[in-house]
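All heavy atoms count here, side chains included; hydrogens, waters and symmetry mates do not.
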Amino acid sequence: MTTALHPDAAVSGDASDASARQPYAYRRRPLEEPDWRRLPGWRDVTRDEWESAQWQRAHCVKNLRQLRQVMGDRLDESFYADLERDQAERATMSMLLPPQMLNTMDSSSTGAFYADPVRRYMLPVFSDRRTDWPSHPHASRDSLHEAEMWAVEGLTHRYPTKVLAELLPTCPQYCGHCTRMDLVGNSTPTVDKHKFTVRPPDRLGAMLDYLRRTPGVRDVVVSGGDVANMPWARLESFVDSLLDIDNVRDIRLASKALMGLPQHWLQDDVRAGMERLAAKARGRGVQIAIHTHVNAARSVTPLVARAARAMLDTGIRDVRNQGVLLRGVNDTPDALLDLSFALLDEAGIMPYYLYMCDMIPNSEHWRLAVWEAQELQHAIMGYLPGFATPRIVCDVPYVGKRWVHQLADYDRERGISYWTKNYRTGLELSDPDALTRRYEYHDPIYTLPEEGRAWWRERSEAV
């Protein structure tokens, strides 16, 4: 005999009706590679050309003239004027769009292009930006103070057991919201980029020497820039050397190009090299993973899935996604869940982190308040497996990554959250107050009540 747990509960309708009543209804959506031949400039591009990493790199869109050549008359002149003004007055990153990324944007009309989530962060225009507070008063070029924590040039030692190795200052694509906008990419009219001063071989050698004499480090994030822009032989040599250091147990290769230029990761030499590294890592009991950066479900295409699965087939531990939470891009529960299911179900990529956009100049239109991020984290819980539910984190200056519910205090009126930490960075090894000090993070001012906005106006005027 079977006894119902809730015998009085009314049962009506079928499973699909019940699903429709949920705030989010899961539907598996097969991936689609948009037809690049719909765009006038790529009308005659063959599949072999499209799937060539060399062709993709050679045909990146770097300026308005090239964008016009690709788009033909699909966009109004007003859009180009809007883009040109942003490039001259606001852009912190130069324009660099692989055809793969541009092809995923909705260009069916000028209005659709303006609204497209990928366009909004990869090709920002002046009208996207805030005019009241384009930058927060506490915005800074190196908002996470990574360069201050360099143990040697390019090697940030912020966490006790982890380091960030910035091997190079370039990427196959430049995101408008880049947290390393002070170093990565070409200079823009508004930002004169910093430069590495040590020759690359010497800089990488100094990183390896530091890790050999620092046994407390077990985890190395190999980044830049984007490792896909480093000649494969040089990258493989560096990672191979990491695998010879006994205390290194985790290696993470950071590459947005797994999404923006999947053709790179499908090349025979890259796949063969990753197999060699994965085999050596397995022999040593070391984990190698690739961390990519996808912000919108429409960016996950069959080519991206092929690249991710090709990397998993080499024997590495995982492919994970670290997206950025951006207003107008992925700031709704549906957008985040659609992205997560596309990654997990269709590409084998693990949803991992969603960072709040950092406080760099001219980024206020992208940033969300901490309370908004908390609401989004709540909204996406329970739909994905626990191991694949992305954590929304705030990268707090001088602190590091913290789940958005880990704040110690929160002044909602002024938009100031307060955070603590449980370790010292390299800057604070002799600081007795490092573990008791409260560190600040700031919400976008336009999200505050009028009293809070007035408080910031008064402070700004006084300065």
Please check: side-chain N/O of [X] versus main-chain N/O of [Y], any donor-acceptor pairing under 3.5 Å?
X	Y	result
Q69	G41	no
T190	T92	no
T156	R158	no
K256	H293	yes
D76	F79	no
D86	R90	no
Q377	P390	yes
R119	M105	no
T447	A369	no
D106	S108	yes

For the [atom1] atom of [X] and the [atom2] atom of [Y], what is their distance to the nearest 0.5 Å?
X	Y	atom1	atom2	value
W419	C394	CH2	SG	4.5 Å
L144	Y398	CG	OH	10.5 Å
M149	T425	CE	OG1	4.5 Å
N321	I290	CG	CD1	12.5 Å
L336	T389	CG	OG1	11.5 Å
E146	L155	CD	CG	11.0 Å

May I have the step-by-step check of side chain to side chain donor-acceptor pair (under 3.5 Å) for D128 and Y114, ending in yes or no? CA-CA 9 Å; D128 292 335; Y114 264 112; over 6 Å; no
Looking at [X] and [Y], does any basic side-chain N land under 4.0 Å from a carboxylate oxygen?
X	Y	result
D202	R199	yes
E451	R412	no
R28	E346	yes
D313	R271	no
E51	R306	yes
R129	E89	no

Start with the C-alpha distance between K162 and D250, add both sets of side-chain angles, then the distance that settles salt bridge (charged side-chain N to carboxylate O under 4.0 Å, His left out), and finish with yes or no. CA-CA 9 Å; K162 299 182 284 186; D250 270 294; over 6 Å; no
Looking at residues at least two apart in the chain, or sitting in another chain, which of them share a side chain to side chain contact (heavy atoms under 4.5 Å, CB included) with H291? R252, A289, R320, Q322, Y352
Residue among H59, M122, K62 satisfying side-chain contact (heavy atoms from CB on, under 4.5 Å) with L97: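 That would be M122; it is the only one of H59, M122, K62 passing the side-chain contact (heavy atoms from CB on, under 4.5 Å) with L97.
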Between [X] and [Y], how do the two ring planes meet: parallel, tilted or perpendicular, split at 30° and 60°?
X	Y	value
H136	H442	tilted
Y355	Y353	perpendicular
W50	W36	parallel

Would you say the side chain of P385 lies within less than 4.5 Å of the side chain of L344, judging by non-hydrogen atoms? yes
Side chain to side chain donor-acceptor pair (under 3.5 Å) evaluation trace for E166 with W150: CA-CA 10 Å; E166 298 172 73; W150 281 353; 3.2 Å; yes
Taking the six-membered ring of Y80, is the NZ or CZ of R68 close enough (under 6.0 Å from the centre) and on axis enough (within 45°)?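 Ring-cation test returns yes.
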Between W456 and R459, is there a cation-pi geometry (under 6.0 Å to ring centre, at most 45° from the normal)? yes
Could you go through E440 and R414, starting from their C-alpha distance and side-chain angles, then the distance that decides it, and tell me whether this counts as salt bridge (charged side-chain N to carboxylate O under 4.0 Å, His left out)? CA-CA 12 Å; E440 295 182 359; R414 295 176 179 177; over 6 Å; no
Test side chain to side chain donor-acceptor pair (under 3.5 Å) on R57 and N229 and set out the steps. CA-CA 10 Å; R57 290 182 187 274; N229 259 25; 2.9 Å; yes
Is the number of heavy atoms from other residues, nucleotides or ligands under 6.0 Å of E84 CD greater than 12?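 No - once you tally the heavy atoms of other residues, nucleotides and ligands closer than 6.0 Å, there are 12 at most.
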Within 6.0 Å of NE2 in H145, more than 12 heavy atoms from elsewhere: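 Counting other residues, nucleotides and ligands, NE2 of H145 exceeds 12 neighbours.
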Are R141 and H194 close enough, and set up right, to give a side chain to side chain donor-acceptor pair (under 3.5 Å), and what steps lead you there? CA-CA 10 Å; R141 289 171 52 126; H194 296 157; 3.3 Å; yes
Centre-to-centre under 6.0 Å for Y26 and Y383, is that the case here?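 No - the distance between ring centres of Y26 and Y383 does not fall below the 6.0 Å cut-off.
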